[in-house]
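One structure is given here, and the rest of the page talks about it.
Because only heavy atoms are used, hydrogens play no part in the values below, and waters and symmetry mates are left out as well, while side chains stay in.
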Amino acid sequence: MAIRLALARKFLVAVGITVFVTIGILFFFMYEQAKKAIYDHVDRQSTALLQQVVITRAWISEHEGIYIRQAPGVEPNPYLPGSGITDKEGRDYVFHNPALAIRKLSEYAQRKGLYRFHLSSLKPLNPANKPAPFEAEALRQFERRGFTASRDGIAGIVRDGDHAAYQRIIPLVVEKSCLTCHLQQGYKVGEVRGGLSVALPLQDAERQIVKARILFALAGAGIMAMVMGTLYYLLRRMVLAPVAHLHGIAGSLSAGNYTARATLTTGDELENLGTAFNTMTDQIISGYQSGLKTLAAAVEARDSYTRGHIDRVARYALGIAREMGLPPETVSRVEMAAILHDIGKIGIPDAILRKESSLTPEELEIMQAHSLKRMEIISTSDFFSSVMNAILYHHEFYDGTGYPSGLKGEEIPLVARIITVADSFDAMTTDRPYRRGMPQETALAEIERWKGSQFDPQVVDAFLRGMKRGGFVAKRGTEKA
């Protein structure tokens, strides 16, 4: 599991950083383009409004001004005294020149919360036409560059009260109709005499920009999550799961389950790795099995009684394990323990091992020490670690009267309890130099009689069931994963 998490973390961090940077750059570019599009829309709107105002102003100028009926709030033009008139019905009208008309339109648009127009000049007659800093700088550029080069105007973002505004100013050229009011200022026809600006509040545009920023951030996060989720799913399914499977198989083998094999069907290099893993495992286990057979042959070569004993005990033990429904890894340990259970006899002197009469107490003590001899022989190999206790304790009795440690009941490893029954039955039915083997039926009765004292009842029951069905015919080395 630790390997899987480490691999996932490394992959996801590396890919995550790459995807995050890529998506970040892409969405930042898209956001900037959206932001530019919003400002471009505002700019086009300002240009269109200025064109409309210029046309309106030109129309008013060609008609030499307009007259507005005097009503509450409508005052005469203070810069054109005596310009008002009265009709036949006695109604008064005030004169609005183009500049005043544009200012009134601007005031009306402001009251509606739309935009603001402003006529400005570096030589204003009306103080209200004094340019703001942005307008003053633009007007100076207009005068330096001339009308033709400046006719598109200048635009920028300025402060308009408490809010930001997008302002565009275009130059105004002196026309013949303008000299009526501005002749005394020294203007000539064709010269730049001022500018017309429009200021559009940016609250709506800024809200759109903020909305776009949020949408792009959410979209980026969503895409990031979707990409990373998909990558993790594919990584887990295509890489991590097979690697975890191989890791689990390796753990099972380390724990002594030598029947475990990789079962990958990914159709790629990982499946090939699983196949190679299985081949390597088979070769290693085959080598150890050859070692087991060599050890078993060495035991049989020293004691004529053991010839065939190992095969028979393995056959009985495997039959019991299968009858009890034990998992394959346990069955594999039963087989290995059965083969090795008498390996300690290699260290027993020939005079005791081959003695045809009964053993003396001292000789019996030496003989019983063969369990410890087994441990000394196999303890140097990790391959046998899963069956060491089973080999050591297969002479323990279920009631605690056995040796070498006097273990009782469930304290005795299950594999050892199985080997005890198989080993005892074969010992009862095999001829020895000092006695003949008893009939099978008698041996079975003895096994049942000692159930619960010398033998595990569950193991005995499984053994008797199998023997009643005709005995155990499974051979050593046939168990598969």
Side-chain angles (χ1 to χ4, degrees), residues 32-33 35-65 79-80 96-107 109-110 114-161 163-202 205-206 209:
E32 289 297 320
Q33 291 297 109
K35 182 178 177 181
K36 181 178 182 299
I38 292 173
Y39 281 124
D40 286 345
H41 174 73
V42 174
D43 184 72
R44 289 192 297 271
Q45 187 179 11
S46 68
T47 301
L49 288 170
L50 287 174
Q51 290 175 346
Q52 292 177 4
V53 173
V54 168
I55 292 172
T56 302
R57 180 183 175 280
W59 181 84
I60 294 174
S61 179
E62 287 181 4
H63 290 80
E64 298 183 353
Y79 298 96
L80 295 173
H96 280 21
N97 63 354
L100 182 57
I102 296 304
R103 186 162 61 251
K104 293 300 180 181
L105 286 174
S106 175
E107 293 172 355
Q110 279 187 286
L114 300 175
Y115 35 77
R116 176 179 60 82
F117 295 110
H118 186 224
L119 283 169
S120 60
S121 172
L122 295 175
K123 302 175 183 179
L125 291 177
N126 187 345
N129 293 337
K130 181 181 178 180
F134 174 79
E135 294 171 325
E137 177 60 28
L139 291 174
R140 284 191 286 270
Q141 290 189 36
F142 294 161
E143 289 186 353
R144 287 195 303 269
R145 295 165 57 187
F147 176 76
T148 302
S150 306
R151 63 191 310 158
D152 291 334
I154 297 174
I157 298 176
V158 299
R159 297 301 303 177
D160 189 18
H163 303 285
Y166 188 86
Q167 189 170 23
R168 172 172 286 278
I169 181 171
I170 59 174
L172 294 177
V173 66
V174 176
E175 298 176 357
K176 186 176 181 180
S177 59
C178 301
L179 298 178
T180 303
C181 300
H182 299 285
L183 179 62
Q184 67 274 22
Q185 293 177 279
Y187 286 119
K188 298 179 182 179
V189 175
E191 291 182 337
V192 175
R193 64 168 179 79
L196 173 65
S197 67
V198 61
L200 283 77
L202 286 177
E206 289 175 342
I209 291 172

CA sep, side-chain torsions, deciding dist, call: T47, I170, side-chain contact (heavy atoms from CB on, under 4.5 Å): CA-CA 9 Å; T47 301; I170 59 174; over 6 Å; no
Closest approach of [X] to [Y] (non-hydrogen atoms, all atoms of both residues):
X    : Y    : answer
I38  : A205 : CG2-CB, 3.8 Å
I169 : F142 : O-CZ, 3.5 Å
S197 : L50  : C-CD2, 3.8 Å
A165 : A199 : CB-CB, 4.3 Å

Derivation of the side-chain contact (heavy atoms from CB on, under 4.5 Å) call for R168 and D43: CA-CA 8 Å; R168 172 172 286 278; D43 184 72; 2.6 Å; yes
If you define the side chain from C-beta out and look only at heavy atoms, does anything of [X] sit under 4.5 Å from [Y]?
X    : Y    : value
R103 : F117 : no
V198 : L200 : yes
S120 : E135 : yes
V54  : Q51  : no

Side-chain donor or acceptor of H118 paired with backbone N/O of A128 under 3.5 Å: yes
Polar side-chain atom of S106 near backbone of I102 as donor-acceptor pair, under 3.5 Å: no
Electrostatic pair E143-R140, nearest N-O below 4.0 angstrom: no
Output side-chain donor-acceptor pairs under 3.5 Å for residues 147-159, partner residues at least two apart or in another chain, one line each.
unit_1: S150; atom_1: OG; unit_2: G146; atom_2: O; d: 2.9
unit_1: R159; atom_1: NH2; unit_2: D162; atom_2: O; d: 2.6

Rounded distance [0.5 Å steps], CG in L119 versus CG in L100: 10.0 Å
K104 and E107: CA distance, side-chain angles, deciding distance, salt bridge (charged side-chain N to carboxylate O under 4.0 Å, His left out) verdict: CA-CA 5 Å; K104 293 300 180 181; E107 293 172 355; 3.8 Å; yes
